[in-house]
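These notes concern the structure reproduced below.
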Amino acid sequence: EWLSSGSERSGHIAVVDRNVMYVWGGYKNAQTHGFLDLYLPRTEIWTYNMESGVWTKHVAGGNLHTSMSGSCGVCVDGVLYLFGGHHARGNTNRIYRLPLRAPSLVWEEMTDLKGLPPSSKDKLGCWVQKNRLIFFGGYGYAAQGPHKGMFEYDESSSPVWDNPGRGWNNHIHILDLETYTWSQPITTGNTPSPRAAHACATVGNRGYVFGGRYKYLYHPVLAYLSDIQMLPSDSSCRSVPQQCPVGRSWHSFTPVSSDLIFLFGGFTTDRETLSDAWLYSVSKNEWKPFKHSYTQSPRLWHTACSGPDGEVFVFGGCANNLLSHHRAVSYT
């Protein structure tokens with residue numbers, strides 16, 4: 001489904017609860033303010049009813065501290081959890097909850113959590129396993145404290161506003177929603193390298209990670225985490241190289257059944273914005289190209305949510321090089 005209402009934006013979050021898609025955050029290009037991009041208002045939430053096709057704008061209360069892009073959003077039992085992101089003065093590692101089924105939408109910062117939280121970052125991935133949120137990777141500040149995993153400093157990042165330089169990590173952090181405790185698991189297997197702007201999908205008890213950017217590399221390899229065991233998976237790319245999506249970042253990766261994950265769009269090492277689509281079969285461990293009629297709408301940093309009848313709702317994103325200093329073309 002191609003959606004054409006709501007404010008144009010990139011770097012936003014979108015989650016689904018009871019056939020309603022909730023969209024928050026991101027930024028849009030400022031047509032009248034030079035080259036500055038505008039973050040979408042932090043109090044503004046758009047809903048899209050997947051059955052009626054109606055968009056509605058809402059104003060949320062609460063203490064969400066700033067507008068952001070590149071945050072991580074996930075919905076569990078009617079509650080939207082929002083972690084991290086990038087705002088006008090850098091990255092954050094605050095986490096908020098927004099009960100979506102309450103009479104009114106009110107953000108609540110989760111401040112009394114136990115354990116060591118993730119570092120401040122954006123463009124990370126998240127999936128759900130039972131009653132736990134599992135966060136992986138991202139781009140931001142070096143972690144303070146005894147974090148498991150790697151951090152690779154970005155030599156091209158310049159410290160601003162007294163913030164240190166930034167870089168990529170491959171940290172895995174778990175937030176247990178029953179005990180409100182952060183932890184880092186001990187993993188086995190071949191842990192993916194540090195990355196950001198990757199995409200994650202939950203199928204069964206496994207979290208699947210595809211793509212992402214690390215320095216000038218865009219990963220074409222899939223990995224998955226099963227019962228907190230990180231296992232390598234080459235997605236059959238070695239045996240059938242022509243039937244495998246190219247490495248990318250800023251793409252979407254959306255479960256559409258108990259066996260299939262839908263990959264769409266993104267941005268390549270050659271700085272090409274993509275419009276290709278693929279289906280990954282979990283049981284067969286193989287990729288198949290998916291034909292669609294939107295090949296003239298390449299996009300990156302969009303969102304994609306699965307609907308009640310196996311369809312995928314793609315929203316937002318931009319059309320050209322995010323790494324250039326020219327204005328990007330934003331989509332609604």
Side-chain angles (χ1 to χ4, degrees), residues 10-15 24-27 66 68-74 81-87 89-96 110 113 115-129 132-157 159 163-175 182-185 187 191-202 207-219 221-225 230 247-253 266-267 300-301 303 322-323:
S10 301
H12 50 291
I13 65 160
V15 301
W24 177 87
Y27 67 89
T66 185
M68 290 182 289
S69 67
S71 300
C72 208
V74 64
Y81 294 89
L82 178 76
F83 174 81
H86 186 271
H87 51 82
R89 295 183 64 84
N91 289 112
T92 182
N93 67 348
R94 298 190 191 194
I95 186 167
Y96 297 84
M110 301 173 70
L113 303 176
L116 182 67
S119 57
S120 295
K121 54 190 170 181
D122 67 341
K123 297 188 285 292
L124 65 158
C126 177
W127 62 91
V128 181
Q129 191 183 65
R132 298 182 293 181
L133 307 183
I134 303 173
F135 297 91
F136 171 71
Y139 182 83
Y141 309 131
Q144 304 299 311
H147 287 253
K148 298 184 181 75
M150 299 166 58
F151 173 85
E152 294 287 344
Y153 180 67
D154 180 3
E155 296 172 357
S156 68
S157 72
N163 283 332
R166 299 190 291 164
W168 298 268
N169 70 78
N170 67 350
H171 301 163
I172 298 173
H173 288 269
I174 299 174
L175 178 60
W182 285 109
S183 64
Q184 278 202 285
T187 61
T191 305
S193 58
R195 66 189 64 196
H198 48 289
C200 300
T202 306
Y208 290 80
V209 178
F210 182 79
R213 178 182 181 225
Y214 164 55
K215 296 190 176 177
Y216 300 105
L217 301 176
Y218 292 77
H219 302 275
V221 172
L222 187 82
Y224 62 84
L225 192 72
M230 188 64 80
R248 65 193 67 201
S249 59
W250 286 302
H251 50 290
S252 58
F253 199 44
F267 192 62
L300 56 92
W301 225 8
T303 54
L322 278 185
L323 304 181

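For this chain, numbers begin at 1 and follow the sequence in order. Reckoned from all heavy atoms, side chains included, excluding hydrogens, waters and symmetry mates.
Ring-centre distance between Trp24 and Tyr96: not below the 6.0 Å cut-off. No close placement of the His171 and Phe135 rings is indicated, their centers lying 6.0 Å or farther apart. Under the 6.0 Å cut-off for aromatic ring centres, Phe136 and His198 qualify, their centroids lying closer than that.
Closest approach of Gln184 to Pro146, counting heavy atoms only: OE1-O, 4.1 Å. In terms of heavy atoms, Ala143 sits closest to Ser119 at CA-CB, 3.8 Å. Contact record, Tyr141 with Gly90: OH-CA, 3.3 Å, taken as the closest heavy-atom pair. The minimum heavy-atom distance between Gly84 and Ser71, with the atom names listed, is O-OG, 2.8 Å.
Put simply, the side chain of Val209 reaches to within 4.5 Å of the side chain of Trp127, judged on heavy atoms. Trp301 places none of its side-chain heavy atoms less than 4.5 Å from the side chain of His251. The shortest distance between side-chain heavy atoms of Lys123 and Trp250 falls below 4.5 Å. With a 4.5 Å cut-off on side-chain heavy atoms, Ser10 and Tyr27 count as touching.
To the nearest 0.5 Å, the span separating OG on Ser120 from CG on Asn93 amounts to 3.5 Å. Of the inter-residue distances, the one linking Ser193 atom OG with Tyr214 atom OH reads 7.5 Å to the nearest 0.5 angstrom. For the atom pair Lys121 NZ and Cys72 SG, the distance stands at 9.5 Å (nearest 0.5 Å). In this structure, CG in Asn91 is found 5.0 Å from NE2 in His86, a value given to the nearest 0.5 Å. Once rounded to the nearest 0.5 Å, the distance linking OG1 of Thr191 with CD1 of Ile172 reads 6.0 Å. To the nearest 0.5 Å, atoms NZ (Lys148) and OG (Ser183) are separated by 8.0 Å.
Residues Asn170 and Arg195 bring no donor and acceptor atom of their side chains to less than 3.5 Å of each other.
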Exercise for the section: Before giving the answer on side chain to side chain contact (heavy atoms under 4.5 Å, CB included), spell out for His87 and Thr92 the whole-Å C-alpha distance, their side-chain angles and the decisive distance to 0.1 Å. Expected result: CA-CA 8 Å; His87 51 82; Thr92 182; 4.1 Å; yes
Exercise for the section: Apply side chain to side chain donor-acceptor pair (under 3.5 Å) to the pair His12 and Thr303, showing each step before the final yes or no. Expected result: CA-CA 7 Å; His12 50 291; Thr303 54; 3.1 Å; yes
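A donor-acceptor pair under 3.5 Å is formed between the side chain of Thr202 and the backbone N or O of Val128. With Trp168 contributing its side chain and Arg213 its backbone, the two residues share a donor-acceptor pair below 3.5 Å.
Checking Asp122, Asp154, Asn169 one by one against Tyr139, the side-chain hydrogen bond (donor to acceptor under 3.5 Å, both in side chains) holds for a single residue, Asp154.
Trp182 and His173 have perpendicular rings, their planes meeting at more than 60° on a 0 to 90° scale where under 30° would count as parallel.
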